[in-house]
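Each remark here refers to the structure printed beneath this line.
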Amino acid sequence: MRTPEPFQKESVSIAFVVEKMRKRVGVEMEQCNTVDIEKRFVTDVNLHRPGVALAGFTALFTHHRMQIFGNTECRFLMHMGEDERQSAFAKLLEYDLPCIVLTDDNTLPDLLLVAAETRGVPVFRTPVPTTAFMYRMRDLLEDQFAPQLTLHGSLVDVYGIGLLITGPSGIGKSEVALDLVERGHRLVADDVVIASKKAEGVLIGSGTELAQHFMEVRGLGIVDVRAMFGVRAIRHQKRIEVIVRMHLWDESEEYTRIEMVDETEPVLEVDLPLVKLPIIPGKNVTVICEVIAMNHLLRHYGYNPAEVFKQRLSDQINSGNGPGRPRRGIEWFEHDFE
Amino acid sequence: MLIREVTVRNRAGIHTRPASMIVREGSRFKSEFFIRKDGYEINGKSIIGVMTLAAEQGATLELLLDGPDENEAADALEAVFERGFGEPI
C-alpha cells in the first residue's frame, strides 16, 4: 500500500510561539518593543546565541534562527562604550532576525530596543535562565517543525500501547476501534491519523483538528466517540508503537504461527513492528488486538513467549528421558474430582 | 500511478454531500485513491479523510490513482468535480 508523502511546517509565527510558551509551559515572554509579532515568523528549529556575531565575526552568523541573548551577550554589550555598543548591535540588525530573546531577566538599553523596532525585530524578556529557556523553546520548535505524515487507519491506546490499525477501505478498522473503545480502551483518531516524528525513533500520532474523535461507521454514518463514551474513551495523542494490518485471508500467503512479530515497517524512518492480521469468519479481531498489546508489553518486560516455549521444547528433547507420549500438565492431583 | 489536478467549482466547497459523492465514486473502483491538498494527503475512500481537506471553492486538489482501473476512475472522478457535484457554481 502506498504511503503519502511527508510534509512539515515551513514557518511558525512569533505570536504563536509566545502564546504557547506562556500557556503550555508557563514561560513568560514580555515584549519590550512594539513590533507586530503576528507577522514575524521563525523558520528554523535551532536557536542561536550571537556572542561571536556581536564581537564582529558575522561570516557564519545563522541570522534566520531565533537569537538568544543570555548573560554573556548582555554583559558583553554593556562592557562596551556607548558608540561601540550601538554599532555592534546595528551590525546584527543588518540581518533579518526573527526575534531576540533576553533571558535570565536581562535588559537592553532603550536605544537598542528602539533600533530593533525600526528594523522590525521584536525583542522579548524572560526571567527564565538561558539554558532552561533554550531547552523549552527547542522542545516547542522541534514539535512544530517535525516531519509529519497522514496515515489511513485508526489509532487506539490499548493497555498503554499505541496500536495503529490499518488495512484497505471497508475492512472494518473503525468497527474494531469502536469495539476496543467499548472495552475500555482509548481512541486517539479514526480514519486520518497525523504522525509526527517527535524524536529519533519516536512517532506520535494524533487526529486532525476537524475530525478529532469523530468516526464514520459504514451503514450508520458519523458518530462522536467523545459524546457517546465520554472523556475516558479518548486521548489527544499517543506514541505509535505497533502497526496491525488487517487484510482478507489469502490462501497463498504464509502466516506467522510462532513469532508474534517478525516484520517491521518504516514510517518516517522509524521502524515499527508490523502484525499482519488475516480476517476470517469467527475471528474476534478486538481480542486479538488486546493480545497483541499485552504481548508487546510482556516483551517490554523481557518476556518473549515464543522464546520461552522454544526453550521448554528443546529442554524436553534434550533431557533424554522424555516419554513416548505427551504427559499431562499435572501428573497426579490428589482427591480432586472437579 | 496517475495524478490529475481538479478544482472545486461549487460555491459551498466540499461539505458532507460532495464528500460522500467523491467517496462513493472512488470506491466503485479497485484502484487506490488519494487526494492531496497543500502537501496534505488523505485516502479518497474515507469520508472523514475527504472532509478534513475542508476544500473551499476554487481550491485545487490533486487526485492520485493507482491500480488496474486508474484511468476509468480518474475520468469518473474528474467528471464529478467538473459538474460541481451538481450544486450551484
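So that the names make sense, note that chain A is the first sequence line, chain B the second, and so on, each numbered from 1.
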#### Entry: NZ (A:Lys9) with more than 12 external heavy atoms under 6.0 Å
yes
### Task
Give a yes or no on this: more than 12 heavy atoms of other residues, nucleotides or ligands lie within 6.0 Å of atom CZ of A:Arg138.
yes
### Message
I'd like to verify something: which residue of A:Leu149, A:Asp191, A:Val192 has the highest number of heavy-atom pairs under 4.5 Å with chain B?
### Response
A:Asp191
### Message
Walk me through whether A:Phe7 and B:Asp38 qualify under side chain to side chain contact (heavy atoms under 4.5 Å, CB included).
### Response
CA-CA 9 Å; A:Phe7 56 95; B:Asp38 307 326; over 6 Å; no
### Task
Mind running side chain to side chain contact (heavy atoms under 4.5 Å, CB included) on B:Lys45 and A:His152 for me, showing each step along the way?
CA-CA 10 Å; B:Lys45 295 186 183 179; A:His152 180 58; 6.0 Å; no
#### Entry: A:Ser154 side, atom OG; B:Ile48 side, atom CD1 - distance, nearest 0.5 Å
10.0 Å
### Summary
Sorted by chain and number, sequence neighbours left out, salt bridge (Lys or Arg N to Asp or Glu O under 4.0 Å) with A:Arg186 holds for none
### Message
Under a 4.5 Å cutoff for heavy-atom pairs, which residue among A:Leu151, A:Ile194, A:Thr150 has the most contacts with chain B?
### Response
A:Thr150
### Query
Crowded around A:Arg24 CZ? As in, over 12 foreign heavy atoms under 6.0 Å?
no
### Task
Decide if atom NZ of A:Lys283 counts as having more than 12 heavy atoms of other residues, nucleotides or ligands within a radius under 6.0 Å.
yes
### Message
As an exercise, state the distance from CD1 of B:Ile42 to OG1 of A:Thr208, rounded to the nearest 0.5 Å.
### Response
10.5 Å
### Summary
Value for OG1 (B:Thr52) from CD (A:Gln212), rounded to nearest 0.5 Å, stands at 12.5 Å
### Query
What distance do A:Glu216 atom CD and B:Ser20 atom OG have between them, rounded to the nearest 0.5 Å?
9.5 Å
### Query
Considering residues, nucleotides and ligands other than A:Glu269, do more than 12 of their heavy atoms fall under 6.0 Å from its CD?
no
### For A:Glu38, side chain to side chain contact (heavy atoms under 4.5 Å, CB included) partners two or more places apart
A:Ala15, A:Asp36
### Query
For the residue pair B:Met51 and A:Ile222, what are the closest heavy atoms and their distance?
CE-CD1, 3.3 Å
